[in-house]
Amino acid sequence: MDVVDKNTVSVLMKNDSVAIVDIQQNHVQYIRNNAIPNSSNAFIYIENEFYISDKYGIVVIDMSGSVKRRITLSFTPCDMCYDVDSQRIYCIDSEHSQLICIDRDGNDIFTFTDPNMTNLTDLTIDNEGNVLVLCEPEVDNSKHVIKVDSNGEKSEEVITNINISTSLHCPRICYDHSTNSVVIGLDDKVYIYKKK
């Protein structure tokens, strides 16, 4: 799911279609497109276009569902987020436990790795343009959040020991810009972390 505007969200469906949901009007419009088979769960909205990852990179479609272009990448983005201010796309390469930053044409800006950043699950952007990455260490089942600066030069662990090991589903992370809080959703629970 991704935010389109303050009243509308978009949802990537399992049948390779996109649902545009007007929250105020309780109206759903579907964009059906069979040209994106094998798409993953990674999907973002940027200026009237949807960027949907597949095993070869990213497919860009417009609001009518027409494929505008394909961005071939050397990795498969398992999740993505977009920073409006810097106009950068941040991607998780889970196969190599990397955070990869690209521009909207797919050109590499930086690749970041950290020994504490393993089993990357999800990511989001905070108010300062830092990337928050939800990770799971190899040793136990707890999760933690690593903050990577917007240039990919340094990182720090900002949330530790999130014990969500009994989950049946993959946890999701987002940043609430109005309250400066990290929100982690899992099954029927929502965890909120506020900066001290």
So Leu123 and Leu132, side chain to side chain contact (heavy atoms under 4.5 Å, CB included) or not? Walk me through it.
CA-CA 5 Å; Leu123 72 167; Leu132 304 174; over 6 Å; no
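Put simply, the side chain of Met63 reaches to within 4.5 Å of the side chain of Tyr45, judged on heavy atoms. Two residues are said to be in side-chain contact when any heavy atoms from C-beta on lie closer than 4.5 Å; His144 and Ile159 fail this criterion. In this structure the side chain of Ile102 never reaches within 4.5 angstrom of the side chain of Ile109, judged on heavy atoms. Using a 4.5 Å heavy-atom threshold, the side chains of Arg104 and Ile89 count as touching. The shortest distance between side-chain heavy atoms of Val145 and Ile184 falls below 4.5 Å.
Checked against side-chain hydrogen bond (donor to acceptor under 3.5 Å, both in side chains), Tyr90 has no partners two or more places apart in sequence or in another chain.
Here the straight-line distance linking atom NZ of Lys154 with atom CZ of Phe112 works out to 11.0 Å at 0.5 Å rounding. In this structure, the separation between SG on Cys135 and CG on Asp114 is 8.0 Å, given to the nearest 0.5 Å. Between the SG atom in Cys81 and the CG atom in Leu99 there is a gap of 8.0 Å [rounded to 0.5 Å]. Distance check, rounded to the nearest 0.5 Å: OG1 of Thr121 to CD1 of Ile92 gives 7.0 Å. Remark: Ile58 CD1 to Ile52 CD1 distance equals 10.5 Å, nearest 0.5 Å. The CG atom of Asp54 sits 9.0 Å away from the CG atom of Leu73 when rounded to the nearest 0.5 Å.
Salt bridge Lys147/Glu128: absent, no basic N to carboxylate O contact under 4.0 Å.
In this structure, Val67 is a member of the same hydrophobic cluster as Phe43, with clusters built from ILVMFWY side-chain heavy atoms closer than 4.5 Å. The hydrophobic clustering, which links ILVMFWY residues whose side-chain heavy atoms are closer than 4.5 Å, places Val84 and Ile44 together. Val59 and Tyr56 fall into different hydrophobic clusters, defined by Ile, Leu, Val, Met, Phe, Trp and Tyr side-chain heavy atoms under 4.5 Å apart, directly or through other members. Cluster membership for Tyr82 and Val183, using ILVMFWY side-chain heavy atoms within less than 4.5 angstrom, is not shared.
Side chain of Thr124 to main chain of Tyr175: a donor-acceptor pair is present (N/O by atom type, distance under 3.5 Å, no hydrogens or angles). Looking at Asp122, its side chain does come within 3.5 Å of a backbone N or O of Ile173 through a donor-acceptor pair. Of the possible donor and acceptor atoms, none in the side chain of Lys143 sits under 3.5 Å from a partner among the backbone N and O of Leu134. With hydrogens and angles ignored, the 3.5 Å screen pairs no side-chain donor or acceptor of Asp105 with any backbone N or O of Asn107. Side-chain N or O atoms of Asp83 include none that pairs as donor or acceptor with a backbone N or O of Arg88 at under 3.5 Å. The main-chain N or O of Cys78 is never found under 3.5 Å from a side-chain atom of Ser94 such that the two would form a donor-acceptor pair.
The two residues Lys194 and Thr179 come nearest to each other via the heavy atoms NZ-O, 2.5 Å. Met80 approaches Cys91 most closely through the heavy-atom pair CG-SG, 4.0 Å. When all heavy atoms of Ser53 and Pro77 are compared, the closest pair comes out as OG-O, 2.9 Å. Across all non-hydrogen atoms, the minimal contact from Ser155 to Ile146 is CB-CG2, 3.8 Å. Of all heavy-atom pairs spanning Leu120 and Gln98, the tightest one is CD2-O, 3.7 Å.
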